[in-house]
2 protein chains.
Amino acid sequence: MPKKVNHQQRRQTIAKATWQVILKKGMEGATVRNIAKEAGLSLGALRYYFSTQEQLILYAMRLVKERAADRIVHIADQELPPKDKVLRILMEIVPANKETRAEMEVWFAFVAYARNKKEFFMEENDGIYTAVQRIIGCLADQRLLQPSLDIDIECEKLYALVDGMALHALLEPERLDKARIEKVFIDYLDSVLL
Amino acid sequence: MPKKVNHQQRRQTIAKATWQVILKKGMEGATVRNIAKEAGLSLGALRYYFSTQEQLILYAMRLVKERAADRIVHIADQELPPKDKVLRILMEIVPANKETRAEMEVWFAFVAYARNKKEFFMEENDGIYTAVQRIIGCLADQRLLQPSLDIDIECEKLYALVDGMALHALLEPERLDKARIEKVFIDYLDSVLL
């Protein structure tokens, strides 16, 4: 009797193997062959789940995004004072530990790669701008923001701050460690909150 | 009599051809062969100037950096009110036109690529953190900043803001156009200046 395979799980295993290959060899090394090898599967088995490299990479990237989104929703659902909640969400977006740094590294490699494959990856974005708009929107609705703020421009600023910090935390994890990231966000929040 | 060749100029021509190839085909396409073709040179002629692909890419990247640094120094040398000068420098760093957007695109492709070639590109950084430290330092020396600011954290914040905006201006040039970039920086400067 053939072994039962959980297809959903198998796809996730392949996606995680894809991340590993990207982390080790960069996007240039993320060939179907290398990914199959990392996942311990035959080329044929991998092709059963993903018939093209683009499909595979797209799935692997969406999984990065979903995992991050799940973590954020989990925090948003908790009963916390607004400032603490926002701080925790921001700390979840900017990679402050090895696991989230790896996710962000995969994401940036993907963004650079997708620039030259627009026909496949047109619609992908990481959803961070929307997340930031929600955060600022919630704070505004609760009348917790300085009334002089331009809400639209504040969203753009926080969005740039978050992605800039994410990029720097990835490139210079020793200089920009978790404590320093947190300090910047607390400083930012103190400057916009009443 | 053989034609006289200006070697410095020839190297720059090759570097610019490298940028073009990166813009068209991404870092994966930036092979010595493709670059020679773009520059209208034989493989042998190109190898005369750059014996390895890494040397060539390193030179091409340093030229991006030098050109941006020259533009910034040119602004810094002008007689301008401090706020206007800082705004003009920030607008020079974040790509707000086609030419600087191409430079930034090349730079980001390079950063992603260099992550997996640390043996060659260890020491490269774009110098923006240093530039930001100088800007904040000058404003502090002239006592133009809000006295409550934490100078060290403010540098980190502005550095993230600048690189985040640069990344977004590159990825979403239509949403984040020149006028909007300027609006964000004016808003930022108004929030930190006395």
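First the proteins, then the strands, lettered A, B, ... as listed; each starts at 1. FYI, side chains are in, hydrogens and waters are out, and symmetry mates aren't considered; it's all heavy atoms of this structure.
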Check: Roughly how far, to the nearest 0.5 Å, is the CD atom of B:Glu154 from the OH atom of A:Tyr188?
Finding: 12.0 Å
Note to self: Once rounded to the nearest 0.5 Å, what's the spacing between atom CE of A:Met27 and atom CE of B:Met27?
What the structure shows: 15.0 Å
Check: How about A:Arg134: does its CZ atom have over 12 heavy atoms from other parts shown lying under 6.0 Å from it?
Finding: no
Note to self: Could you check whether atom CD of B:Gln142 has more than 12 heavy atoms from other residues, nucleotides or ligands sitting under 6.0 Å from it?
What the structure shows: yes
Are [X] and [Y] in one and the same hydrophobic cluster, where Ile, Leu, Val, Met, Phe, Trp and Tyr link if side-chain heavy atoms are under 4.5 Å apart?
X: A:Val192; Y: B:Ile186; result: no
X: A:Val132; Y: A:Phe185; result: yes
X: B:Leu167; Y: A:Leu158; result: no
X: A:Val162; Y: B:Leu171; result: no

Notebook entry, point to check: In residues 88-101 of chain A, which residues are in contact with chain B at a heavy-atom separation under 4.5 Å?
Noted result: none
So what's closer than 4.5 Å to chain B heavy atoms on [X]: side chain, backbone, both or neither?
X: A:Ile181; result: neither
X: A:Ser148; result: neither
X: A:Leu176; result: side chain
X: A:Ile128; result: neither
X: A:Leu161; result: both
X: A:Val111; result: side chain

Checklist line | Under 4.5 Å from any heavy atom of chain A - which part of B:Leu170 | finding: both
Notebook entry, point to check: Do B:Tyr129 and A:Arg175 touch side chain to side chain, with heavy atoms closer than 4.5 Å?
Noted result: yes
Checklist line | Minimum side-chain heavy-atom gap A:Met165-B:Asp163 below 4.5 Å | finding: no
Notebook entry, point to check: Do you know the tightest heavy-atom contact between B:Val184 and A:Ile153?
Noted result: CA-CG2, 4.0 Å
Checklist line | Contact winner vs chain B - A:Glu28, A:Lys183, A:Glu156, heavy-atom pairs under 4.5 Å | finding: A:Glu156
Notebook entry, point to check: Looking at A:Glu172, A:Lys25, A:His168, A:Lys24, which one has more heavy-atom pairs under 4.5 Å with chain B than the rest?
Noted result: A:His168
Next item on the list: State whether A:Asp152 and B:Arg180 are salt-bridged, where the test is any N-O pair (Lys NZ or Arg NE/NH1/NH2 against Asp/Glu carboxylate O) under 4.0 Å.
Entry: yes
Next item on the list: Identify the residues of residues 72-82 of chain B whose heavy atoms come closer than 4.5 Å to a heavy atom of chain A, ordered by number, or report 'none'.
Entry: none
Next item on the list: Under 4.5 Å, heavy atom to heavy atom: which of residues 30-45 of chain B reach chain A? Give them by number, or say none.
Entry: none
Next item on the list: Name all residues meeting the side chain to side chain donor-acceptor pair (under 3.5 Å) criterion together with A:Asp187; count only those two or more places apart in sequence or in a different chain, and write none if there are none.
Entry: B:Lys157
Item checked: Which of B:Ala166, B:Ala160, B:Gly29 touches chain A most, by non-hydrogen pairs under 4.5 Å -> B:Ala160
